[in-house]
Structure formats: C-alpha cells, structure tokens
Amino acid sequence: MDYKNFKIETDEDGIALITWDMPEKSMNVIDLSVMEELDAVVDQVVGDDAIKGAVITSGKNAFSGGADLTMLEGLLKDFHVQRAKDPEAAAKALFEGSRKLTLVYRKLETCGKPFVAAVNSTSMGGGTELALACHARVADEDLKMGLPEVKVGLFPGAGGTQRVMRMADGQQGMQFLLQGKTLRAPQAKQLKLVDEVTQSKKLVAAAKKMLKAGIDPVKPWDKKGFKLPNGNIYSPAGFQFWPAANAIYRRETFDNYPGARYLLHAVVEGLQLPMDLALQVESRYFAKVLQTPEAANMIRSLFVSMQELNKGARRPIDQRPNNIKKVGILGAGFMGAGIAYVTAQAGINVVLIDRDQEAADKGKAHTEDLLSKAVKRGRSTEDKKAKILSRIQATADYEELADCDLVIEAVFEDREIKKTVTEKAEAVMKSRAIYASNTSTLPITSLAQASKRPKNFIGIHFFSPVDKMMLVEVIMGKRTSDRALAMALDYIKAIKKTPIVVNDSRGFYTSRVVMTYIREGLMMLADGIPAPMIENAGKMAGMPVGPLSLGDEVALDLAWKIVSATRKDLGVKYVEGPLDNILEEMVVKRERFGRKNGKGFYDYNGKDKSLWPGIPDVVGQPKSADSFNIEELKQRLLVMQALESARIFEENCLTDVREADVGSILGFGFAPYTGGTLSYIDMMGTTAFVELCKKFTRKWGPRFKPNKLLREMAKDNETFYGRFPPKGEVAVKDAA
Ligand code: NAD
C-alpha cells in the first residue's frame with residue numbers, strides 16, 4: 001500500500017521497517033492524515049503473514065514534535081458552534097474526535113504482533129505516546145523525550161497518563177507528567193520509558209535485534225495479575241504516596257491549571273481499572289479539559305500564536321531574507337556575553353567588543369563556561385565546544401565591525417556612552433548594516449539621534465539570562481525602516497527565540513508592565529498587608545515569584561533611579577506617594593538594593609533567602625492577615641498588569657494581541673494559565689473587568705482607573721481578540 005506519511009519495507013526476517021517521514025514538513029507531527037494512515041499501517045502489519053513484527057522510526061532528524069494542536073483548535077471551534085444547537089451531540093463529537101489517536105494506539109498495542117519504536121532524537125507529546133504504545137523502545141543518545149502537554153493547559157490524552165504510570169516509578173512518573181519536563185536518554189531509561197539506548201547509526205539495527213530476540217506482543221497490563229510499579233492505590237504504599245501527590249500538585253499549581261487537575265484525576269481513577277476502561281476515563285477528562293477557557297487560551301497563546309510569531313507573522317512581506325553571517329556585539333558584560341553565546345551557537349560569527357582586550361576576553365569566557373558545563377552534563381562535546389568558541393572573536397578593535405551585517409549594542413545604560421559607541425561603530429560599519437540597542441529603558445528614537453542612519457537603527461531587547469529566556473522584544477524607533485525590522489526578525493529566528501515587535505515608549509511593553517507588578521507589591525506593603533501574604537498572593541495568582549522578590553531581583557536601587565528620573569521628568573506634576581518613601585528608606589537610608597548586595601526585602605544567604613524582619617521598621621506594623629481577602633489580592637496583582645497592557649495597547653505601543661499575550665508569558669511569566677495579559681481580560685469579560693477596575697479605584701487608588709479603550713469595549717462586552725483579530729500569518733522563505 002502507498003502512504004503519504006509512511007514507508008514500509010519488509011526484510012527477509014519478516015521485520016517491517018515503518019519510516020514516518022511527512023512530506024513538506026521539517027518535523028513529523030500528528031494530524032488527521034497521520035492518524036488514519038497509522039491505523040491502516042497496523043492493519044497491513046496484522047494482515048500480512050510475511051510480517052512478524054515491526055519497527056517504527058522517523059525519516060527526519062527527530063522522531064516527532066507531537067500533535068498538531070491546530071487540529072484540536074479546529075475540533076474545539078466545531079464543538080462551540082454545535083453546542084449552541086445540540087449540546088449533547090456536541091459533547092459526544094468532541095469526546096469521540098479527541099480520542100481517535102487513543103484508539104489507534106490501543107489497536108497497535110493489542111494487535112497481536114510486536115512493534116518496537118526506534119526513537120531518534122526529539123520525541124514530544126503524541127510522538128512519545130506512540131513510542132509508549134509500542135511493545136519496546138530503543139532510543140539514540142540524543143534522545144529528548146517529553147510529554148509537555150500540561151504546558152499548554154492540557155495533559156497527555158492518547159494513553160500517556162496510563163502507560164507512564166504503569167511503567168515508571170510512581171513518584172518520578174507523576175513528576176514527569178505534571179511538570180512536562182524533557183528527559184534525556186539516561187533518565188528515560190531509568191524511568192523504564194525506554195528499554196535500550198544506542199548510537200543513532202545503530203538504532204534501527206538494535207530495534208530489529210530486539211524483535212528477533214523475541215518481544216512479547218501482549219503488554220504486562222493486559223495480562224492477569226499485573227501489578228503497578230508502586231502497588232495499588234488502596235494499599236499501604238498507595239496511602240503513603242497519593243495524599244502526598246495531591247499536596248505536591250497543589251504546591252506546584254495552586255489549582256490554577258485544570259489540565260494538571262484532570263491529569264491527576266485520570267491517573268488516580270485510571271490506575272484502578274483495566275486498560276481499555278482506563279483509557280476511556282482518560283479520554284473523558286481530556287475532553288473536559290479541552291473545554292476549559294484555560295486550555296483554549298494556553299493553546300492559542302503558547303502554541304498557535306507563538307508558532308505564528310516564530311514563523312515571522314510580523315515580518316514585512318516585501319523584504320528579502322537576510323543571510324546573517326557576522327554579528328558585532330558592543331559591550332561584553334552580563335548581557336553582551338550572553339548574546340555572544342546564543343549567536344555563536346546559532347552558527348553565526350561574532351565580534352565581541354569591550355573597552356579593552358581583558359574585558360572582551362572575560363565576555364568570551366562566559367561562553368566557554370556555559371559550554372564546559374554542557375559537556376560535563378553530556379549535552380555537548382569538546383568538538384562542538386571548540387567550534388562554537390572559534391566563532392567568537394573577542395577584541396577592543398572597532399575596525400573588526402567592518403563586515404558585520406548586524407551590530408548589537410549592550411554597553412552601560414548611559415546615554416553618553418551609548419552615543420559614543422554608536423558613532424564609533426557607524427564609522428566603520430557597512431552602510432547597509434543594521435545597528436540595534438539592547439537598552440532596557442531608554443527610548444530608541446532618542447538613542448537614534450546619535451546615528452547618521454536612523455532608518456537602520458532598532459531596539460533588540462533581550463531578557464536575562466539570555467541563554468534561557470525565549471523572548472526578544474524588538475522596538476521600532478520613529479524612523480526605523482522595514483529593512484531593519486526584517487533583519488532583527490531574521491536574526492531572532494536564527495537564534496531560535498520568539499520575537500514581539502513594539503513601538504517606542506519608555507520601558508516599552510515588558511519592563512513597563514513588570515514595574516507595575518513590583519509597584520503594586522510595595523503599595524500593598526503601604527496598605528498594611530503582611531509581606532508573606534503579598535508574596536503568597538503573587539505566587540497563588542500564578543506569577544513565578546512574588547512582587548517583593550521580583551523587586552529584589554531587578555534591584556531596588558534601579559527602581560529608585562527610575563522613580564527619581566520620572567519625578568525629574570514630570571516636575572511639579574509628579575505626585576509623591578508611598579512608593580517614594582519606601583524606596584528611599586530601603587535604598588538611600590539602608591542601602592538595601594536587593595539580591596545584588598544580599599539585602600533587600602529579603603535577606604540572602606547563598607541560595608537561601610528569607611523575608612527581612614526589618615520590613616515593619618520601613619512600612620509600619622502590618623495589619624492582621626484576616627483583614628484582607630486573598631482572592632482580591634491575587635486579582636489586584638493581575639488586574640494591574642493587565643490594565644497597564646490595555647493602556648499600552650491603546651497607546652499603539654503594542655499593536656498585536658498575540659504579542660501582548662505571548663510577550664507577557666515568555667517575558668515576565670504572567671500567569672500562564674490565563675493565556676496572557678489581554679486574554680486574562682477577555683476571559684473575565686471587559687464589562688466585568690472594568691467594573692473590577694472601578695471597584696479597585698475606589699478602594700486602592702486612581703492607578704486602577706480603566707482607560708478609554710476598555711470603557712468603550714465594556715459597553716458591549718467586546719473582547720480584544722474579537723475587536724482586534726490578529727493579522728494573518730506571513731509566509732517567509734528561509735534565508736538561503
Ligand atoms: P554590564 O555592566 O554587565 O555590561 C556593560 C559592558 O559594557 C561592560 O563590560 C563594559 O565594560 C562595557 N562598556 C562600557 N563602555 C564601553 C565602551 N565604550 N565600549 C565597549 N564596551 C563598553 O551591563 P549589562 O547588564 O550587560 O547591560 C548592558 C545593556 O543591556 C544596558 O543597556 C542594559 O540596560 C541592557 N539590559 C540589561 C538587562 C539585565 O538584566 N542586566 C536586561 C535587558 C537589557
């Protein structure tokens with residue numbers, strides 16, 4: 001039989017090699033055509049007497065990226081349309097539609113002939129679930145195996161929850177599922193999720209050898225007397241484990257993620273049942289979680305929108321792709337060194353410049369450190385390390401910038417210094433080369449005044465630590481050209497990060513919103529709310545850290561500098577508030593700058609930290625926690641950030657709802673289960689959101705006053721996605 005996505009070759013030993021290789025895709029994903037064909041492939045294997053067993057592998061350089069979630073989005077859209085007419089039929093269709101893959105995998109698992117998965121390199125989501133449904137698994141040393149569904153608000157719904165927990169140690173299995181983390185080959189083997197690890201060139205041979213040695217086509221859980229690795233749920237061991245699992249779930253999620261909640265349900269209930277029923281239970285919860293707004297928002301922002309932005313949704317269509325060969329970096333400090341590392345790792349040559357050779361070398365040493373750690377952990381090799389390091393030329397000589405396509409400036413946050421280096425760099429740069437500043441606060445338009453070619457001047461704002469943070473904020477100055485934007489976006493694509501594009505303003509988007517979160521924490525202190533309650537409210541609301549903790553990380557002296565600059569800029573119009581007093585006390589009087597000098601709202605002792613007992617000396621004795629409503633505090637922290645985002649959107653600094661949402665989650669960890677700042681407003685409804693803002697204005701102050709755009713939208717309860725539908729995705733050819 002001929003398939004679009006699979007090729008089958010049977011050898012003289014009767015082993016069918018099934019190669020999954022989707023045409024016109026760089027990665028195998030699971031879509032409807034794959035499901036249908038895989039079903040037919042199983043029939044073919046079963047029906048052909050010459051075939052004794054089968055090996056499934058991928059023809060690409062990775063096994064699979066998992067399910068194509070746009071398929072689920074489509075299923076959900078149909079569900080919502082149908083639900084209005086016939087809710088029962090709609091629910092049934094969603095249940096059946098969303099368990100198709102489960103049934104194909106179960107058919108493979110019970111077909112009577114053994115299947116071995118030969119997993120090459122990356123295997124995610126539905127791809128991993130396919131491997132788990134096979135009767136044995138061989139992986140190569142580059143394996144990265146994950147079930148990351150919880151990260152987009154779902155859980156593994158094609159048997160993953162049931163099979164992992166029947167194969168792995170309970171605690172490790174639960175952690176793997178709940179955290180959505182990626183396993184390397186040794187960990188996957190330790191968890192018993194793969195049986196053998198081998199070199200990639202020996203992968204298929206090893207899988208065939210396994211089959212020849214004999215693989216039982218009946219899974220242990222389909223035989224009488226099967227025992228779970230950690231014993232039954234209702235057993236002394238189960239009694240030790242499951243109440244703790246529930247507590248861990250609460251600690252990790254604060255019950256904000258329905259995907260994680262239903263995952264736990266599916267596991268606990270499914271493990272008490274035979275496999276077919278267990279899979280039915282899993283499917284029921286999967287259909288349930290699909291219908292939650294959290295899942296819909298997370299799929300939209302963290303899968304669909306992120307993919308569109310990564311593919312260049314904001315790239316000007318008429319600009320030719322840039323083939324970026326050499327990038328100059330000015331300033332080899334904390335940020336410059338990180339930018340050099342990610343650029344060299346993407347195969348681009350780097351000129352790393354600082355004031356003297358020693359400082360430039362120090363910046364390059366950062367790459368060496370990171371690579372040495374990777375080699376030590378088995379994630380890289382000495383060869384790769386040497387290759388990447390050879391791409392970085394550390395120097396103090398500006399002449400080396402002559403053949404750079406792009407120069408990124410990351411010197412001190414000081415206008416005069418930035419002006420000097422801009423002039424020095426432009427004096428040697430090619431006239432068509434693009435110049436970008438990594439400034440975190442200074443408006444790009446004003447920095448571009450130092451440039452003779454303001455059209456070629458743009459902001460490329462990285463987040464720290466550069467190697468870990470996935471977002472890059474691109475800032476358009478007043479005169480920045482589309483050519484400069486295309487260059488910035490092509491560069492960000494090359495280093496495999498996600499871009500958002502914003503118009504110029506003080507603090508741009510991300511820094512401006514983050515500052516409101518920190519400010520709200522300080523305002524809460526001034527309101528007499530106990531510091532631990534403020535920090536817990538932040539974490540319970542879904543933020544990665546509390547606002548006081550974040551203030552310490554960003555540095556309180558920096559916050560004080562920003563407040564002082566704003567006061568200077570606004571002059572008599574500046575309204576003094578509790579914020580000024582708290583920061584002045586902390587920074588000027590007590591030299592508590594935050595983590596960087598080991599004392600801020602927390603005291604730091606190595607990796608340990610604890611809230612500073614002297615906080616009441618600065619803000620007064622707190623009131624009793626009972627006088628505050630924790631739900632309201634959680635809302636207060638999220639509403640302030642969402643409101644600021646809506647203002648930035650109205651001011652046209654943000655122009656695309658996708659960027660507001662994706663940028664907020666990737667840039668500052670805004671409660672991911674909401675789908676981002678604007679999705680949070682949409683989820684609540686603009687009418688309810690504006691009412692809440694008004695209530696907070698009366699109770700907590702005028703900074704909660706809803707802006708005009710929101711008040712207008714609230715009249716008809718309009719949504720951001722309804723009123724400002726994202727523009728279509730723009731196809732961009734890869735650079736030659
Ligand atoms: P840093 O102090 O660690 O590094 C600045 C580097 O610039 C130093 O190595 C310094 O020697 C070098 N330098 C100064 N004058 C120079 C000159 N004339 N020529 C060449 N090199 C010169 O600072 P950083 O934290 O890396 O910040 C750099 C820029 O990145 C700033 O504009 C900052 O606002 C921005 N930024 C910082 C962060 C962050 O988290 N630190 C995040 C985003 C953006």
Side-chain angles (χ1 to χ4, degrees), residues 328-343 350-367 392-401 404 407-429 435-444 446-448 450 457-475 488 492 497 499-500 502 506-515 518 550-559 561-562 565 593-596 663 666-669:
I329 297 168
L330 308 179
F334 181 60
M335 296 302 285
I339 300 168
Y341 168 72
V342 296
T343 309
V350 172
V351 180
L352 182 59
I353 294 189
D354 210 297
R355 289 177 290 190
D356 49 47
Q357 186 65 41
E358 200 186 327
D361 287 340
K362 198 168 155 235
K364 181 171 174 177
H366 173 71
T367 295
I392 304 179
Q393 181 192 358
T395 177
D397 183 3
Y398 277 69
E399 294 295 328
E400 300 294 340
L401 296 173
C404 286
V407 170
I408 302 171
E409 168 275 303
V411 300
F412 297 138
E413 188 78 337
D414 179 298
R415 256 177 212 290
E416 272 313 303
I417 298 177
K418 288 199 189 290
K419 180 168 181 279
T420 314
V421 299
T422 305
E423 288 164 354
K424 270 173 90 171
E426 277 190 357
V428 283
M429 281 164 63
Y435 186 95
S437 175
N438 179 48
T439 177
S440 31
T441 52
L442 302 169
I444 291 301
S446 66
L447 291 181
F457 199 107
I458 195 164
I460 300 187
H461 177 211
F462 283 86
F463 294 77
S464 81
V466 178
D467 57 309
K468 297 231 166 69
M469 297 294 285
M470 291 317 297
L471 190 76
V472 181
E473 191 175 26
V474 175
I475 301 111
I492 294 164
K497 297 209 184 271
I500 60 168
V502 303
R506 191 178 275 272
F508 321 125
Y509 168 44
T510 51
S511 307
R512 199 171 139 185
V513 178
V514 165
M515 290 317 286
I518 297 171
L550 188 62
D552 274 6
E553 295 296 333
V554 169
L556 300 177
D557 55 331
L558 182 72
K561 257 192 215 156
I562 295 174
F593 301 153
R595 179 180 291 274
K596 71 184 201 192
L666 297 193
F668 50 97

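Throughout, numbering of the chain's residues begins at 1 and tracks the sequence. Just so we're clear, the structure is a prediction, and the values are computed from it rather than from any experiment. Counting convention: from 1, in listed order, for ligands and their atoms alike.
- With sequence neighbours left out, the side-chain contact (heavy atoms from CB on, under 4.5 Å) criterion links A337 to H366.
- Just one of K561, E413, R506 meets the side-chain hydrogen bond (donor to acceptor under 3.5 Å, both in side chains) condition when paired with T441; it is E413.
- Between D552 and K596 there is no salt bridge, since none of the side-chain N atoms of the basic residue sits less than 4.0 Å from a carboxylate O of the acidic one.
- The one candidate from I460, V472, I339 that meets the side-chain contact (heavy atoms from CB on, under 4.5 Å) condition with N438 is I339.
- Enumerated by chain and number, the residues approaching ligand 1 to less than 4.0 Å through a heavy atom are G331, A332, G333, F334, M335, D354, R355, Y398, A410, V411, F412, E413, I417, K418, V421, N438, T439, S440, H461, F462, S464.
- Using a 4.0 Å cut-off between charged side-chain N and carboxylate O, K362 and E358 make no salt bridge.
- The backbone N or O of D397 lies less than 3.5 Å from a partner atom in the side chain of T395, making a donor-acceptor pair.
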